[in-house]
Amino acid sequence: MKPRASMLLALVAILCGWGAARAEEFPREAYSNPVAGLDAASEDMFYRGRVEFLRSWAFPPGGGEASGLGPLFNRISCAACHQKSGRGQPPSGPNERMSSMLVRLSIPGEGPHGAPKPHPSYGGQLNEEGAPGVPGEGRAAISWEETSATLADGSVAPLRRPRIKFVELAYGPIDDALVSPRVAPAVFGDGLLESVPAETLKRIAAEQPARGVHGVMNEVYDVISGRMVPGRFGWKANSPNLKQQIAEAFIGDLGVTTPLFPDDQCAELQPACRAATKSKNQPELPADRLDDIDFFNAHLAAPPRRDADNPAVVQGETLFLAAGCGVCHVPSLRTEAHPKFSQTLPAQTIAPYTDLLLHDMGEGLSDDRPDFRASGRQWRTPPLWGVGLVPIVNEHSLFLHDGRARSLEEAILWHGGEGEAAKTAYAALTKDEREALLAFLRSL
Ligand code: HEC
Ligand code: HEC
């Protein structure tokens, strides 16, 4: 072998070895990696988008390209809630502030295009913080009410459910509002979920009744096409696509305007908000930077599975399917090439463990707040890929839309409504079988 060729090989070996070591050395970054195979230009765009995701915004008129925070907002960056592109958690009690979750608000009736009707004084979500001269709206104090579930073998599992009380309200009472506390979900794999054809979701919905489950697609307003389209993102599939979801987060959670939502959203009865200083940048996040962050979010890879050959995991997978979990948490879906990023997100088979459909999960999980076509009891099946890494990436093991479940087992035991039969099947397992099923979930 010529010396140059062998040097090249050695270099390739070092680089490959380094790459493999990197994934193991930095397990907390498991949700932060780009999909494989990006060329240099695409990688540049991914990392430019990541800068936007991590960026801390500033109050206008200062802040340069980060100018535009507020007038009302929840956090100063996307990553504050979606830490390490992962999920948030609820406070442990009423004296702790919400740090990575938010509370959606509305009043009975429908807003434009069937959206929830914003509260006249507080809008569509509680914004705890305000820019100078604009009082933050107040705080949602969460306290936990203990309950429990009894399994078939007589063992008792403690459960808890949240109670929300509004305190320090700056704009009058919130009486009679419909209230939905939601933790930030993980954001990896979303470009692939966006590439699952709506036809596939319709076919799954049509096949489910024979298996005792009735998934439905949410239907939400797409501001880009001006049409009602299937919902895909959010705990109630209340957002149609990644770009709009991101723009909604900028305006709703940070108060940053984009080409999709060019105006600050001040509630009807909030003059201080309307009078607040505007950024010189209009919109505050311009189109090219919104494209960068859209590209970043679309290309965050789902982490690979671990321990798939472990006998307990293999047994757990069989039990998962036998209990009917896979009817909603669909193990395998075929995507088509991404509508915008066909080169970098080509058609492929993915293992997200979701059907992206809404299911009636019973009274115990209901928030009593409709969201487009979703009723209070209906939630989108959350993807289970990556769920085993939550304790490592986010250093907690809190699950479900409001983070009430303190373990994967508690999450299962909250399943009611269409999920009741699967929960009962889980509760009827022996301790070893339950442990195997949980080991399977931890391998995802
Ligand atoms: C205050 C906490 C908070 C902040 C800040 C925040 N998010 Fe979120 N994010 C959430 C919550 C809660 C949801 C679920 C929303 C729902 O169900 O209505 C969500 C949902 C999402 C989703 C959809 C994930 C899925 O698979 O359903 C994406 C993508 C996302 N956010 C991106 C962003 C971006 C980009 C930013 C910054 C502009 C951001 N978020 C800022 C809390 C936050
Ligand atoms: C009828 C459809 C359906 C079935 C069947 C079902 N699930 Fe779920 N699952 C859901 C929905 C919807 C949620 C979200 C509920 C919420 O957040 O309030 C969920 C949430 C979860 C979560 C928490 C995920 C997260 O991101 O917080 C886990 C874990 C889970 N399910 C596991 C299971 C297991 C294990 C089974 C079988 C024993 C099962 N599910 C059966 C629909 C279903």
Side-chain angles (χ1 to χ4, degrees), residues 49 52-53 55 57 73-82 85 87-88 98-104 125 127-128 180-190 193 208 211-215 232-239 242 245-254 256 258 285 293-294 296-298 300 319-321 323-329 353-355 357-361 364-367 371 378-384 386-387 390 398-405 407-412 414-415 417-427 429 437-438 440-441 444:
E52 299 301 341
F53 195 78
R55 186 188 298 285
W57 286 78
F73 62 103
N74 291 80
R75 305 302 309 270
I76 67 171
S77 74
C78 306
C81 280
H82 301 282
S85 306
R87 73 171 64 208
M98 288 186 173
S99 63
S100 48
M101 74 186 295
L102 55 82
V103 178
R104 297 225 179 280
Q125 83 191 48
N127 287 131
E128 293 136 328
S180 183
R182 304 183 188 183
V183 296
V187 292
F188 59 80
D190 284 347
L193 296 180
Q208 279 179 343
R211 303 181 70 185
V213 161
H214 299 267
R232 265 174 216 262
F233 297 108
W235 285 101
K236 288 196 189 258
N238 42 314
S239 190
L242 208 40
Q245 166 73 64
I246 292 167
E248 284 166 351
F250 270 109
I251 195 70
D253 306 345
L254 275 65
V256 170
T258 60
L285 184 81
I293 186 168
D294 182 34
F296 164 73
N297 275 109
L300 276 172
L319 294 166
F320 177 87
L321 296 173
C325 312
V327 180
C328 302
H329 296 284
Y353 295 87
T354 176
D355 56 5
L357 300 175
L358 299 172
H359 296 277
D360 180 330
M361 296 301 285
L365 286 173
S366 176
D367 63 0
D371 204 335
Q378 282 176 316
W379 298 96
R380 181 194 74 162
T381 311
L384 297 180
V387 93
V390 172
L398 303 169
F399 297 97
L400 295 176
H401 66 271
D402 49 18
R404 68 175 71 187
S407 63
L408 291 166
E409 176 167 277
E410 286 190 23
I412 298 168
W414 275 108
H415 284 55
E418 294 174 40
E420 181 78 29
K423 182 208 29 210
T424 307
Y426 174 83
L429 299 176
L437 194 152
L438 297 173
F440 164 68
L441 294 180
L444 297 179

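Just follow the structure's listing: the first ligand is 1, and inside any ligand the first atom is 1.
- For ligand 1, the atoms lying closer than 4.0 Å to a non-hydrogen atom of Val187 are 28 (C), 29 (C), 30 (C).
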- Where do Gln208 and His214 land on the side-chain contact (heavy atoms from CB on, under 4.5 Å) test, with the steps shown first? CA-CA 6 Å; Gln208 279 179 343; His214 299 267; over 6 Å; no

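- Of the possible polar contacts, none joining the His329 side chain to the Pro383 backbone as a donor-acceptor pair under 3.5 Å is found.
- Every atom of ligand 1 with a heavy atom of Gly234 under 4.0 Å away is listed here by number and element: 16 (C), 17 (O), 25 (C), 27 (O).
- A salt bridge is defined here as a Lys NZ or Arg NE, NH1 or NH2 lying under 4.0 Å from an Asp or Glu carboxylate O, and Arg104 with Asp367 fails to meet this definition.
- Residue-level proximity to ligand 1 for Ser77 is carried by the backbone, the only part with a heavy atom below 4.0 angstrom.
- Within the listing of ligand 1, atoms 16 (C), 17 (O), 18 (O) sit less than 4.0 angstrom from a heavy atom of Asn238.
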Go ahead and list the nitrogen or oxygen contacts between ligand 2 and the protein that come in under 3.5 Å, distances to 0.1 Å, or just say none.
unit_1: ligand 2; atom_1: 7 (N); unit_2: His329; atom_2: NE2; d: 2.9
unit_1: ligand 2; atom_1: 7 (N); unit_2: His415; atom_2: NE2; d: 2.8
unit_1: ligand 2; atom_1: 9 (N); unit_2: His329; atom_2: NE2; d: 3.0
unit_1: ligand 2; atom_1: 9 (N); unit_2: His415; atom_2: NE2; d: 2.8
unit_1: ligand 2; atom_1: 17 (O); unit_2: His401; atom_2: N; d: 2.8
unit_1: ligand 2; atom_1: 17 (O); unit_2: His401; atom_2: ND1; d: 3.4
unit_1: ligand 2; atom_1: 18 (O); unit_2: His401; atom_2: ND1; d: 2.6
unit_1: ligand 2; atom_1: 26 (O); unit_2: Arg87; atom_2: NH1; d: 3.2
unit_1: ligand 2; atom_1: 26 (O); unit_2: Arg87; atom_2: NH2; d: 2.8
unit_1: ligand 2; atom_1: 27 (O); unit_2: Arg87; atom_2: NH1; d: 3.0
unit_1: ligand 2; atom_1: 27 (O); unit_2: Leu400; atom_2: N; d: 2.7
unit_1: ligand 2; atom_1: 31 (N); unit_2: His329; atom_2: NE2; d: 2.9
unit_1: ligand 2; atom_1: 31 (N); unit_2: His415; atom_2: NE2; d: 2.9
unit_1: ligand 2; atom_1: 40 (N); unit_2: His329; atom_2: NE2; d: 2.9
unit_1: ligand 2; atom_1: 40 (N); unit_2: His415; atom_2: NE2; d: 2.8

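- Of the possible donor and acceptor atoms, none in the side chain of Trp235 sits under 3.5 Å from a partner among the backbone N and O of Leu400.
- Listed by number with element, the atoms of ligand 1 under 4.0 Å from a non-hydrogen atom of Arg104 are 15 (C), 16 (C), 18 (O).
- Residues meeting the salt bridge (charged side-chain N to carboxylate O under 4.0 Å, His left out) test with Asp360, sequence neighbours left out: Arg377.
- Counting only distance, with no hydrogens or angles, the side chain of Lys236 and the backbone of Gln378 share a donor-acceptor pair below 3.5 Å.
- Defined by atom type and a distance below 3.5 Å, a donor-acceptor pair is missing between the side-chain atoms of Asp190 and Gln245.
- Contacts between Asp371 and ligand 1, counted as non-hydrogen atom pairs separated by less than 4.0 Å, are absent for every part of the residue.
- Under the ring pair (Phe, Tyr, Trp, His ring centres under 6.0 Å) test applied with Trp379, the options His359, His401, His415 reduce to a single match, His401.
- Within the coordination shell of atom 8 (Fe) of ligand 1, defined by N, O or S atoms under 2.8 Å, His82 is present.
- Taken from CD1 in Ile246 to CG in Leu242, the straight-line distance is 4.0 Å, to the nearest 0.5 Å.
- In the vicinity of Asn74, heavy-atom distances shorter than 4.0 Å reach the ligand 1 atoms 1 (C).
- Less than 4.0 angstrom separates some heavy atom of Leu242 from each of these atoms of ligand 1: 29 (C).
- Leu438 has its side chain within reach of Tyr426: a pair of non-hydrogen atoms, C-beta onward, lies under 4.5 Å apart.
- With a 4.0 Å cut-off on non-hydrogen atoms, Val256 does not touch ligand 1 at all.
- Each of the atoms 10 (C), 11 (C), 12 (C), 42 (C) of ligand 1 lies under 4.0 Å from some heavy atom of Ala184.
- Within the listing of ligand 1, atoms 35 (C) sit less than 4.0 angstrom from a heavy atom of Ile246.
- Using a 4.0 Å heavy-atom cutoff, Ser180 is absent from the residues neighbouring ligand 1.
- Phe53 and Val187 make their closest contact through CZ-CG2, 4.0 Å (heavy atoms, listed as atom of the first residue, atom of the second, distance).
- Of the possible donor and acceptor atoms, none in the side chain of Gln125 sits under 3.5 Å from a partner among the backbone N and O of Leu102.
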